[in-house]
Amino acid sequence: MIERASDRWVSITLSVLLHGTLVAALAYGFWTYRQSRPPTPTLAIEATVVDSRTVNGAALKEPPAPEPPAPEPTPAPPPEPEPVEPTGPPEPTPEELAQREQALKEQAQKEQAQKEQAQKEQAEKEQADKEAAEKQRQLDEQKQQEDVQRQAEEKRQATQKQREAQEKADAERKALEARKRAEEQRVAEEKRTEAAQRETEDKSRAESEAELRNSLAAEERANQLRSSGALVSWQSQITSRIQHAWLRPPSARPGIQCLLRITQTPGGTVTSARIESCNGDQAVRESIEAAAYRASPLPPPPDPSLFERDLEVTFRPD
């Protein structure tokens, strides 16, 4: 809310009138108090010479009644205070005082920040000079160390050349002997390799023949089990398990027939269920796939040789 200049002058005028009224009331009260104080009485003695006989006769008479006191004067009404016209510049408002105080505070903070910045820059300069001196000292030490290392390296290289010449002669002699031994070892290794290769081939051939015989026997047993109806019975158990787990959706019509492809682990856990073909709507398809997952794990086959990872199940709930 924005305060207008006229509103501020009205507030100042009302404040001055209120203070003038209070001052006038205090002056009137003080004046009234001074006027209402009674005057200090003045002692006066009046005497009359009388005869003793008159005094004796007067003693028998009653004393006269005292006169009533004079009424106090009615105080005059206090004069009306004259309105005081505002003089000089208007007093600042609380908002202006707060702004001035905030400006002084910000100025003090700015000066403090500038002082701290100057101190920080001086400290950084001193630190930089110190680091530069330390770096130069390190460079001098590094150069001295490099000179020492260079001299040591030159000496080492001279010794190394002498040693290398001796080692070269020894190496040539040892190389000749090593080539001779290597040739003898190569011949012996070739003989061992040929013998091991023949042994491995014989073993592999025997294992292949045994695996072939086992495969033929397993296939023959599986054919016998298939022909005996064991496979059909196992697939019927799986189909029945899925049908019991199926929750019929409201949109399912009679005569539903769907081909469901299932992928399972050797333990019967269903890892994939997908409708290949179906005469039902999308809700029916999704409900059949969900039923296959709920039926997991599927019944195991009566013989491990009948296990098939991928199965096709014809789903006919009606």
Side-chain angles (χ1 to χ4, degrees), residues 1-44 68-154 156 271-272 282-283 286 289-290 293:
M1 181 176 180
I2 301 174
E3 184 181 13
R4 295 177 300 178
S6 59
D7 296 338
R8 186 168 61 185
W9 279 107
V10 169
S11 301
I12 294 173
T13 304
L14 292 176
S15 177
V16 172
L17 290 176
L18 177 60
H19 285 79
T21 303
L22 291 175
V23 171
L26 292 173
Y28 172 74
F30 180 76
W31 179 80
T32 304
Y33 172 76
R34 293 294 301 272
Q35 293 294 329
S36 63
R37 293 180 60 184
T40 303
T42 303
L43 298 177
E72 296 181 358
T74 303
E80 292 292 333
E82 297 180 358
V84 179
E85 294 295 333
T87 59
E91 296 182 0
T93 62
E95 290 79 3
E96 292 176 346
L97 292 176
Q99 291 177 359
R100 294 177 183 177
E101 182 179 357
Q102 181 65 24
L104 293 175
K105 185 176 180 181
E106 291 178 355
Q107 180 65 23
Q109 292 177 352
K110 183 177 180 181
E111 293 176 354
Q112 181 65 22
Q114 291 176 352
K115 181 179 179 181
E116 293 177 353
Q117 181 65 23
Q119 294 176 351
K120 181 179 179 182
E121 291 176 355
Q122 180 64 24
E124 291 177 351
K125 183 177 181 300
E126 294 176 355
Q127 182 65 23
D129 295 341
K130 183 178 179 181
E131 292 178 354
E134 178 65 19
K135 185 176 181 181
Q136 184 63 36
R137 186 188 64 80
Q138 293 178 356
L139 289 175
D140 294 341
E141 291 181 356
Q142 183 179 0
K143 183 178 180 181
Q144 184 178 1
Q145 292 177 358
E146 289 176 353
D147 293 340
V148 174
Q149 291 176 357
R150 184 179 66 256
Q151 295 174 0
E153 180 65 20
E154 291 175 353
R156 186 191 65 79
T271 59
S272 175
Q282 185 64 25
E286 292 177 356
E289 292 175 352
Y293 286 108

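For the numbers below, each heavy atom of this structure counts, side chains included, while hydrogens, waters and symmetry mates do not. All residue numbers refer to positions in the sequence shown, counting from 1.
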State whether [X] and [Y] are salt-bridged, where the test is any N-O pair (Lys NZ or Arg NE/NH1/NH2 against Asp/Glu carboxylate O) under 4.0 Å.
| X | Y | answer |
| --- | --- | --- |
| Arg137 | Glu141 | yes |
| Arg150 | Glu153 | no |
| Lys125 | Asp129 | yes |

Query raised in the report: Looking just at side-chain N and O atoms, do Gln282 and Glu286 make a donor-acceptor pair shorter than 3.5 Å?
Result: yes
Report task. Would you tell me whether Gln99 and Glu95 have side-chain atoms, one donor and one acceptor, within less than 3.5 Å of each other? Result ->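 Judged by distance alone, the side chains do not pair up.
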Working to the nearest 0.5 Å, report the span between [atom1] of [X] and [atom2] of [Y].
| X | Y | atom1 | atom2 | answer |
| --- | --- | --- | --- | --- |
| Leu18 | Leu14 | CG | CG | 8.5 Å |
| Asp140 | Lys143 | CG | NZ | 8.0 Å |
| Thr21 | Leu26 | OG1 | CG | 11.0 Å |
| Arg156 | Gln151 | CZ | CD | 14.5 Å |
| Gln142 | Gln149 | CD | CD | 9.0 Å |

**Report entry** Option among Gln109, Glu116, Gln114, Lys110 that satisfies the side-chain contact (heavy atoms from CB on, under 4.5 Å) test with Gln112
**Finding:**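 That would be Glu116.
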Query raised in the report: Looking only at atom types and distance, does a side-chain atom of Glu96 sit under 3.5 Å from a main-chain N or O of Thr93, one as donor and one as acceptor?
Result: yes
Query raised in the report: Considering residues, nucleotides and ligands other than Glu101, do more than 12 of their heavy atoms fall under 6.0 Å from its CD?
Result: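 Atom CD in Glu101 is not packed in, count stays at 12 or less.
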